[in-house]
Amino acid sequence: MAEWRRTHNCGELRQEHAGQTVVLNGWANSYRAYPDQVFVDLRDRYGLTQIVLESDRAEMFAVAQEIRDEWVLSVRGKVRERLPNKHNPKLATGDIEVLAEELIVLNRCPTPPFEVMSIPLETGFGDPELAGEDLRLQYRYLDLRRPSLQRTVALRHRLNKVIRDYLDQERFLEVETPLLGRSTPEGARDYLVPSRVWQDEKTGKPFWYALPQSPQLYKQLLMVAGYDRYFQIARCLRDEDLRADRQPEFTQLDLEMSFVEQNDVLTLVERLIAEIFQKCAGATVPLPLPRLPYDKAMLQYGSDKPDLRINGMEIVEVSDWAGSTEFRVFKDVVATGGRVRAINMKGAVTKFTRKQLDDLTPFVQQYGAKGAAWIKVEADKFTSPIEKFIPASAQMELRGRVAAADGDVIVFVADKEGVVCQALGHLRAHYAGHVGAANYAPGNFQLAWVVDFPSFIWDDEEKRWVANHHPFTAPRDEDLAVLESDPAKVKAKAYDLVINGYEAGGGSIRIHSPEVQGRMFAMLGMSPEQARQRFGFLLDALKFGAPPHGGIALGLDRLAMILSGTANIRDVLAFPKNQKARDLMTGAPAPVDAKQLRELGL
RNA sequence: GGGGACGUAGCUCAAUUGGUUAGAGUACCGGACUGUCGAUCCGGUGGUUGCGGGUUCGAGUCCCGUCGUCCUCGCCA
């Protein structure tokens with residue numbers, strides 16, 4: 001058989017190669033057939049090159065006429081400059097073409113279930129008439145041929161490489177930790193793996209491994225072991241319901257450092273982040289990143305991951321004002337310890353119909369609020385269903401409080417504080433684009449650290465304090481004194497990296513003192529025995545000389561989403577699962593043989 | 001577990017809001033064409049309107065159930 005292996009790829013030939021004999025391999029991206037000529041655009045990862053096959057080679061030409069989309073071809077031929085006026089500026093290789101002298105069909109392809117690509121790579125990012133996502137997931141290997149997916153796969157590679165290069169330079173060691181571990185009670189549901197070897201003697205049921213929700217425990221053990229700078233690009237698994245930005249298995253950059261305080265971690269990581277944005281998106285991120293206290297984020301933006309691309313539209317506390325109006329809903333909420341807060345949507349009067357204003361109520365009801373009140377601020381009056389409950393003096397005061405000008409729309413939510421935050425936070429994020437308050441231009445990245453998270457949150461159902469982050473997160477030194485007496489006031493040495501409204505990562509300084517760790521477990525309602533049973537090995541390790549340490553985990557899938565400008569996490573994974581955690585290509589999860597189950601005692 | 005949207009030709013969509021034989025683009029098949037490049041032109045094949053039931057003289061359209069996909073609340077750090 002003739003030599004068919006490529007000498008060049010489909011994206012690299014230029015005028016300077018004219019006259020050379022080359023061999024190209026690739027997929028037929030499209031074909032255009034004439035009686036005496038067939039044009040084929042040959043595609044690989046690197047680009048498209050036009051092949052011309054002519055009828056003077058009768059045997060070859062007969063085959064060429066059969067070529068259809070996605071056939072795999074090898075073409076030997078001579079590079080030549082295209083005829084005058086026949087250059088194609090849409091193609092990087094558009095100044096040349098390859099006149100085929102020999103054609104080898106490496107593989108035929110049936111008509112694909114959907115059109116892979118009819119548009120040249122360089123002409124646009126969006127693929128027109130993209131087939132349904134479930135169909136594309138079923139034939140993922142075809143979908144992955146599309147340039148936009150090839151770009152994100154390449155981006156993931158680059159992201160990983162930038163991370164490894166940077167952390168290597170910073171003396172970090174990449175260490176792998178087990179996939180098969182022990183289930184721990186806190187946090188998300190585990191994916192479980194039965195043990196064939198270890199079974200309960202009485203029942204014959206297997207014991208279980210758990211797949212890691214994160215390498216959290218291991219990285220702390222590595223710190224105890226003296227590996228003072230560790231990282232891992234680690235797969236994590238959580239058996240919870242999915243969202244557009246969540247997969248059952250996902251990838252974190254997990255890192256941990258010894259002998260550091262919070263600011264050491266933030267400084268090192270934000271330099272890494274700036275490097276990532278520079279090298280993966282060509283974007284310059286100014287350092288240091290803003291540090292935004294959690295309380296301020298919740299008050300102003302109603303979210304612990306605010307989208308800072310939104311200008312203004314900040315939430316204003318008006319509970320005291322609301323209590324002085326005649327509006328019953330406001331008065332009752334304030335009287336029962338709730339909050340009334342407002343957002344001023346600048347210039348929004350002309351942007352909302354009456355119906356759209358009334359639709360604010362069902363919108364906030366998604367988040368548990370009873371409704372949203374609104375006021376149109378016009379020349380010298382308020383227009384609103386609740387206008388009659390607001391005396392003139394209160395109207396004047398409100399204008400000042402929310403800096404209202406004519407043409408603005410003020411929106412209120414009155415409820416328990418948590419509900420108000422969530423409702424107004426989502427309202428702000430949802431309507432910012434509508435009222436033109438946001439700059440969502442591609443390449444606009446707004447990053448910040450959110451710091452000073454509460455250590456504990458009160459679980460109303462279980463009537464106890466639960467760890468906001470996890471039970472190993474260190475409280476701030478100055479809050480240790482009130483750990484037991486006023487837990488609501490205790491802030492943690494915990495931090496989240498927030499980018500464009502996404503939580504891109506989070507971490508904390510860990511407790512390294514067994515004494516403090518004991519107090520923490522006690523606060524969480526865990527007896528020493530229970531704590532020992534659940535985390536005994538870690539508590540033992542901490543006793544054996546644990547250094548002060550802390551770290552962070554960055555969600556690399558989300559980071560890749562942000563860098564590539566997609567809102568769909570499946571776009572940045574080679575082989576994603578769908579929203580019900582199914583792999584539509586392989587059919588997983590699937591039943592297994594009875595024999596396998598018997599061996600496992602199931 | 002709850003809420004919402006969607007499901008029509010291989011693919012992407014339409015069908016005047018319950019009315020005759022369900023259309024278009026693309027793909028595919030055949031033909032025409034000496035340079036195309038999202039080729040063009042002519043012709044053709046292709047439909048259990050996701051599935052099951054119901055209402056009606058009549059259902060792609062309305063109702064109930066079910067399956068699937070996406071978004072979302074709960075959940076998840």
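Within every chain, numbering begins at 1; the chains are lettered A, B, ... in the order of the sequence lines, protein sequences first and strands thereafter.
Across all strands shown, A:Arg68 has heavy atoms under 4.0 Å from sugar-phosphate atoms exclusively, and none from any base. In this structure, A:Tyr31 reaches the sugar-phosphate backbone alone: every heavy-atom distance under 4.0 Å involves primed, P, OP1 or OP2 atoms, never a base. Among the protein residues, A:Arg570 comes within range of the sugar-phosphate backbone only, with heavy atoms under 4.0 Å from sugar or phosphate atoms but none that close to a base. A:Gly132 comes within 4.0 angstrom of the backbone, heavy atoms only, and of no base.
Salt bridge absent: A:Lys355 and A:Asp358 never bring a charged side-chain N and a carboxylate O closer than 4.0 Å.
In terms of polar N and O atoms assigned as donor or acceptor, the side chain of A:Arg238 never comes within less than 3.5 Å of the base of B:rC75 in a complementary pairing. Residue A:Glu97 places a side-chain atom within donor-acceptor reach of the base of B:rG35, judged by atom type and a 3.5 Å distance cut-off alone. The base of B:rG35 sits within donor-acceptor range of the side chain of A:Arg80, with an N or O pair under 3.5 Å. In the interface, the side chain of A:Asn88 is paired with the base of B:rC37 through a donor and an acceptor atom under 3.5 Å apart.
When both pairing distances are held under 3.5 Å, B:rG23 makes a Watson-Crick or G-U pair with B:rC13. Across all strands shown, B:rG60 forms no Watson-Crick or G-U wobble pair with both distances under 3.5 Å. Within the shown strands, B:rG43 is the pairing partner of B:rC29 under the Watson-Crick or G-U definition, both distances less than 3.5 Å. When both distances must be under 3.5 Å, the Watson-Crick or G-U wobble mate of B:rG65 is B:rC51.
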Review item, nucleotides 22-24 of chain B N/O atoms under 3.5 Å of protein N/O:
none

Hey, what are the protein-to-nucleotides 45-47 of chain B N/O distances that come in under 3.5 Å?
none

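The ring pair (Phe, Tyr, Trp, His ring centres under 6.0 Å) search around A:Phe250 returns none, not counting sequence neighbours. With sequence neighbours excluded, no residue forms a side chain to side chain donor-acceptor pair (under 3.5 Å) with A:Asn500. With sequence neighbours excluded, the residues satisfying side chain to side chain donor-acceptor pair (under 3.5 Å) with A:Trp458 are A:Asp460.
The minimum heavy-atom distance between A:Val572 and A:Asp557, with the atom names listed, is CG2-O, 3.5 Å.
Stacking annotation: A:Phe39 is stacked on the base of B:rU36 (ring centroids less than 5.5 angstrom apart, interplanar angle below 30 degrees).
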Would you give me the side-chain donor-acceptor pairs under 3.5 Å for residues 501-509 of chain A, sequence neighbours excluded?
| from | atom 1 | to | atom 2 | distance (Å) |
| --- | --- | --- | --- | --- |
| A:Ser508 | OG | A:Thr473 | OG1 | 3.4 |
| A:Ser508 | OG | A:Arg510 | NH1 | 2.6 |

